[in-house]
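Written out below as structure tokens is the structure these notes cover.
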Amino acid sequence: MPIKIITIANRKGGAGKSTCAAHFALEASTKNNKVILLDLDPQKTLESWWEKRTEENPYMADASAQNLREKIALIKTKGFDYCIIDTPGDTSINAVEAIKLADLIIIPCKPTSPDLKAIGRTISMVQENNKNYIFVLTQTISKATSTIQAASVLSDFGPIAPATIANRIAYANAMSSGGTACELDKNAAIEVQKVWEFIMKKLDIKYVNESGKEKI
């Protein structure tokens, strides 16, 4: 399978981009995939998380907007299955270049009025580059009216993941320790798996569960 490039993007900060990048990379790696991360956000939240880890996979590489195309060309020769790129919450060249090179854009979004009002800027940036994208609701509260309303709003603009990344302390603890919320909270494990299954469907990749059986 050729490597798939996944870019996490939202022009508004605080949407949970780094948390999504870390947990989707880990979910992919548990399925015997070789995954590499690129952190183009100057805050380096994802890289800081990765540096606390002892496991080699997912891997991390240095990259910038200026050398991103060459870096990905090199990564393609190294046998990786997925490259997941974290981007800053702005319109910098870092975000734009990462979007241009992606097979799929994941747009995390919190279910708040300010986040929903700002999401159009990200959608426009992605659509200008003619890229496939999905929405993932983040920091949600189960069965809250805000979550239901946000899902309804976003579904008018594009595909939305069938599960959300909920507002769980496990995610914050995982990002500060180099761990994964999936090991701390079984509900986090379920939702991350469901979102990752949806991502693979959008990439036209069949999902294989732990028993080795494919999901149709």
Side-chain angles (χ1 to χ4, degrees), residues 5-28 37 39-43 45-46 49 84-92 94-96 98-100 102-172 174-175 181-182 185 187-188 190-203:
I5 312 297
I6 299 171
T7 293
I8 317 290
N10 188 326
R11 285 180 56 180
K12 191 175 186 304
K17 292 186 292 292
S18 299
T19 298
C20 285
H23 283 82
F24 297 155
L26 286 172
E27 183 66 18
L37 296 165
D39 191 352
L40 299 186
D41 188 344
Q43 294 185 20
T45 302
L46 182 63
W49 166 84
I84 298 179
I85 308 174
D86 191 16
T87 63
D90 55 29
T91 57
S92 69
N94 288 15
V96 173
I99 286 171
K100 287 180 179 178
D103 295 300
L104 180 70
I105 313 297
I106 297 174
I107 305 176
C109 183
K110 294 191 296 185
T112 71
S113 180
D115 286 84
L116 293 170
K117 287 179 179 178
I119 201 70
R121 298 177 301 172
T122 304
I123 296 171
S124 296
M125 188 165 62
V126 172
Q127 290 180 339
E128 285 170 4
N129 288 280
N130 196 30
K131 291 296 181 177
N132 292 325
Y133 63 93
I134 65 168
F135 298 109
V136 177
L137 276 171
T138 58
Q139 300 179 40
T140 59
I141 298 174
S142 178
K143 299 180 180 179
T145 301
S146 60
T147 302
I148 297 169
Q149 291 176 339
S152 177
V153 170
L154 292 177
S155 65
D156 287 338
F157 296 96
I160 182 169
T164 71
I165 302 301
N167 186 15
R168 304 183 191 282
I169 190 64
Y171 287 111
M175 293 306 293
C182 300
D185 187 323
N187 290 317
I190 291 170
E191 64 199 21
V192 169
Q193 179 178 315
K194 286 182 177 179
V195 175
W196 182 248
E197 286 181 29
F198 186 71
I199 291 168
M200 287 196 293
K201 286 180 181 178
K202 292 303 175 182
L203 289 169

Exercise for the section: Return the set of residues passing side chain to side chain donor-acceptor pair (under 3.5 Å) with Thr87 (not counting sequence neighbours), or none when no residue passes. Expected result: none
Completion exercise
On a heavy-atom basis, the closest approach of Asp39 and Leu46 is OD2-N, 3.2 Å
Exercise for the section: Nearest 0.5 Å please: distance from the CG atom of Leu137 over to the CD atom of Glu191. Expected result: 11.5 Å
Exercise for the section: Please check if the side chain of Gln139 supplies one atom and the backbone of Gly14 the other of a donor-acceptor pair under 3.5 Å. Expected result: yes
Problem - Derivation and outcome, side chain to side chain contact (heavy atoms under 4.5 Å, CB included), residues Ile84 and Ile8 - result: CA-CA 7 Å; Ile84 298 179; Ile8 317 290; 4.1 Å; yes
Completion exercise
Residues Ser18 and Thr45: closest non-hydrogen pair is OG-CB, 3.6 Å
Practice task
Keeping to residues at least two apart or across chains, list the side chain to side chain donor-acceptor pair (under 3.5 Å) pairs with something in residues 125-138.
Solution key: Gln127-Tyr133
Problem - Side chains of Ile106 and Ile6 in contact at under 4.5 Å (non-hydrogen atoms) - result: yes
Handout entry: Euclidean distance, Arg168 CZ relative to Asn187 CG, rounded to 0.5 Å
Key = 4.5 Å
Problem - Pairs involving residues 145-163, ordered by first then second residue, that meet side chain to side chain donor-acceptor pair (under 3.5 Å) (sequence neighbours left out) - result: none
Practice task
Measure from the side-chain N and O atoms of Thr7 to the backbone N and O of Ala98, and report whether any donor-acceptor pair falls under 3.5 Å.
Solution key: yes
Problem - Contact list for residues 141-172, test ring pair (Phe, Tyr, Trp, His ring centres under 6.0 Å), sequence neighbours left out - result: His23-Tyr171
Practice task
Measure the spacing between CD1 of Ile199 and NZ of Lys201 and express it to the nearest 0.5 Å.
Solution key: 12.0 Å
Completion exercise
Correct closest heavy-atom pair for Ala163 and Val195 would be O-CG2, 3.4 Å
Exercise for the section: Would you check, one step at a time, whether the test side chain to side chain contact (heavy atoms under 4.5 Å, CB included) holds for Thr122 with Phe135? Expected result: CA-CA 11 Å; Thr122 304; Phe135 298 109; over 6 Å; no
Fill in the blank from the handout: In short, Pro88 meets Pro42 closest at the heavy-atom pair CB-CD, 3.9 Å
Exercise for the section: First locate atom CD of Gln43, then atom CG of Asp86, and finally report the distance between them rounded to the nearest 0.5 Å. Expected result: 9.5 Å
Problem - Leu37 vs Trp49 side-chain heavy atoms within contact, under 4.5 Å - result: yes
Practice task
Any chance you could lay out the side chain to side chain contact (heavy atoms under 4.5 Å, CB included) test for Leu26 and Cys182, step after step, and finish with the verdict?
Solution key: CA-CA 9 Å; Leu26 286 172; Cys182 300; over 6 Å; no
Exercise for the section: With sequence neighbours excluded, tell me which residues meet salt bridge (Lys or Arg N to Asp or Glu O under 4.0 Å) with Asp115. Expected result: Lys12
Exercise for the section: Starting at NZ of Lys202, measure out to CG of Leu104 and round the result to the nearest 0.5 Å. Expected result: 9.0 Å
Exercise for the section: Could you go through the side chain to side chain contact (heavy atoms under 4.5 Å, CB included) check for Leu116 and Leu154 one step at a time? Expected result: CA-CA 8 Å; Leu116 293 170; Leu154 292 177; 3.9 Å; yes
Exercise for the section: Sequence neighbours left out, what passes salt bridge (Lys or Arg N to Asp or Glu O under 4.0 Å) with Lys117? Give chain and number order. Expected result: none
